[in-house]
*Asks:* 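Sharing a structure, written as structure tokens. Questions coming.
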Amino acid sequence: MAKAPRRGPYICGIDAALDVVSGKWKGLILWELDAHRVRRFAELRRGLPGVSEKMLTQHLREMEEDGLVHREVHAEVPPRVEYSLTEHGRTLNQALGPLGAWGAERMRRESSEAVAVAEAARG
């Protein structure tokens with residue numbers, strides 16, 4: 001079943017923004033690409049513990065359609081595909097900064113644990 005396009009009408013700007021970043025992994029994909037600039041699919045998957053291949057593929061396609069992620073296919077054998085943020089994606093990531101700070105404060109206040117991500121996967 002095809003997913004309906006996300007083009008409004010919207011109630012407000014927050015509604016429109018959340019439409020683009022809906023889903024557990026999109027914010028984390030933005031964060032990972034911002035931190036590393038360019039990532040191959042397997043690198044993204046290693047950097048996001050728990051994401052399935054299917055979900056990562058789906059989110060990357062949606063983010064590409066929304067103009068947040070650039071997908072570059074290099075003409076090599078085997079083909080090399082790299083993902084990076086567009087300028088539009090970078091501005092969204094910057095806008096999410098205060099939300100991340102709010103979340104970090106919430107984690108501190110509630111003594112929530114953070115997922116440990118191996119340094120080898122991070123860099």
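Numbers here simply count residues along the sequence, with the first being 1. None of these values were measured; they are calculated from a predicted model.
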*Asks:* What residues form a side-chain contact (heavy atoms from CB on, under 4.5 Å) with E113, not counting sequence neighbours?
*Replies:*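 Scan of E113 (side-chain contact (heavy atoms from CB on, under 4.5 Å), adjacent residues dropped) gives none.
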
*Asks:* Going by the rule salt bridge (charged side-chain N to carboxylate O under 4.0 Å, His left out), which residues pair with E76 if we only count those two or more places apart in sequence or in a different chain?
*Replies:*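 So E76 forms a salt bridge (charged side-chain N to carboxylate O under 4.0 Å, His left out) with R80.
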
*Asks:* Under the rule for side-chain contact (heavy atoms from CB on, under 4.5 Å), what residues qualify as partners of H59, not counting sequence neighbours?
*Replies:*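 Listed in chain order: W25, K26, I29, M55, E62.
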
*Asks:* Quick one: pull up CH2 in W31 and CG in L96 and give me the separation to the nearest 0.5 Å.
*Replies:*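 Spacing of CH2 (W31) from CG (L96) equals 13.5 Å.
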
*Asks:* For the backbone of H70 and the side chain of T86, can you confirm whether one donor and one acceptor N or O come within less than 3.5 Å of each other?
*Replies:*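 Absent.
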
*Asks:* Sequence neighbours left out, what passes salt bridge (charged side-chain N to carboxylate O under 4.0 Å, His left out) with R108? Give chain and number order.
*Replies:*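 Expected list: E105.
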
*Asks:* Hydrophobic cluster membership, with links at side-chain heavy-atom distances under 4.5 Å among I/L/V/M/F/W/Y: are V73 and M63 in one?
*Replies:*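 Same hydrophobic cluster.
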
*Asks:* So, the side chain of D15 versus the backbone of I11: is there a donor-acceptor pair under 3.5 Å, distance only?
*Replies:*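 Yes; judged by distance alone, with no hydrogens or angles, the pair exists.
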
*Asks:* Take R71 and V81, measure what side chain to side chain contact (heavy atoms under 4.5 Å, CB included) needs, and give me the verdict at the end.
*Replies:* CA-CA 7 Å; R71 179 178 185 265; V81 180; 3.7 Å; yes

*Asks:* Could you work out, with side-chain hydrogen bond (donor to acceptor under 3.5 Å, both in side chains) as the rule, every residue matching R61, not counting sequence neighbours?
*Replies:*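 R61 satisfies side-chain hydrogen bond (donor to acceptor under 3.5 Å, both in side chains) with no residue once adjacent residues are dropped.
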
*Asks:* Please report the shortest heavy-atom distance between V38 and E43, naming the atom on each side.
*Replies:*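 Taking V38 first and E43 second, the nearest heavy atoms are O-OE1, 4.3 Å.
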
*Asks:* Quick check: is M107 connected to V115 through a chain of hydrophobic side chains (ILVMFWY, heavy atoms under 4.5 Å apart)?
*Replies:*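 V115 and M107: separate clusters.
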
*Asks:* Could you note down all residue pairs passing salt bridge (Lys or Arg N to Asp or Glu O under 4.0 Å) where residues 90-103 supplies at least one of them, sequence neighbours left out?
*Replies:*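 For residues 90-103: E87-R90.
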
*Asks:* Looking only at non-hydrogen atoms, find the nearest pair between L68 and H88 and report the distance.
*Replies:*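 Nearest heavy atoms, L68 then H88: CD2-CD2, 3.5 Å.
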
*Asks:* Report the residues that fulfil salt bridge (charged side-chain N to carboxylate O under 4.0 Å, His left out) with E110, sequence neighbours left out, ordered by chain and then residue number.
*Replies:*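 E110: salt bridge (charged side-chain N to carboxylate O under 4.0 Å, His left out) contacts with R106.
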
*Asks:* If the condition is side-chain contact (heavy atoms from CB on, under 4.5 Å), which residues does L18 pass it with, not counting sequence neighbours?
*Replies:*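 I14, V21.
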
*Asks:* Could you grab the distance from atom OH of Y83 to atom CD of E64, nearest 0.5 Å is fine?
*Replies:*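 Y83 atom OH to E64 atom CD measures 7.0 Å (nearest 0.5 Å).
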
*Asks:* Could you tell me the separation between the CG atom of D34 and the CG atom of N93, rounded to the nearest 0.5 Å?
*Replies:*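 One finds 4.0 Å between CG of D34 and CG of N93.
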
*Asks:* Quick one: pull up CG in L85 and NE2 in H36 and give me the separation to the nearest 0.5 Å.
*Replies:*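 Answer for the CG-NE2 pair, L85 versus H36, is 11.5 Å.
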
*Asks:* Once you round to the nearest 0.5 Å, how far does CG of L28 lie from CG of L33?
*Replies:*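 The CG atom of L33 is 11.0 Å from CG of L28, to the nearest 0.5 Å.
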
*Asks:* In sequence, state the C-alpha distance, the side-chain angles, and the governing distance for H74 and E82, and then conclude on side-chain hydrogen bond (donor to acceptor under 3.5 Å, both in side chains).
*Replies:* CA-CA 8 Å; H74 297 273; E82 296 178 329; 2.9 Å; yes

*Asks:* Taking S84 for its side chain and R37 for its backbone only, find out whether a donor-acceptor pair lies under 3.5 Å.
*Replies:*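 Side chain of S84 to backbone of R37, a donor-acceptor pair under 3.5 Å: no, none is there.
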
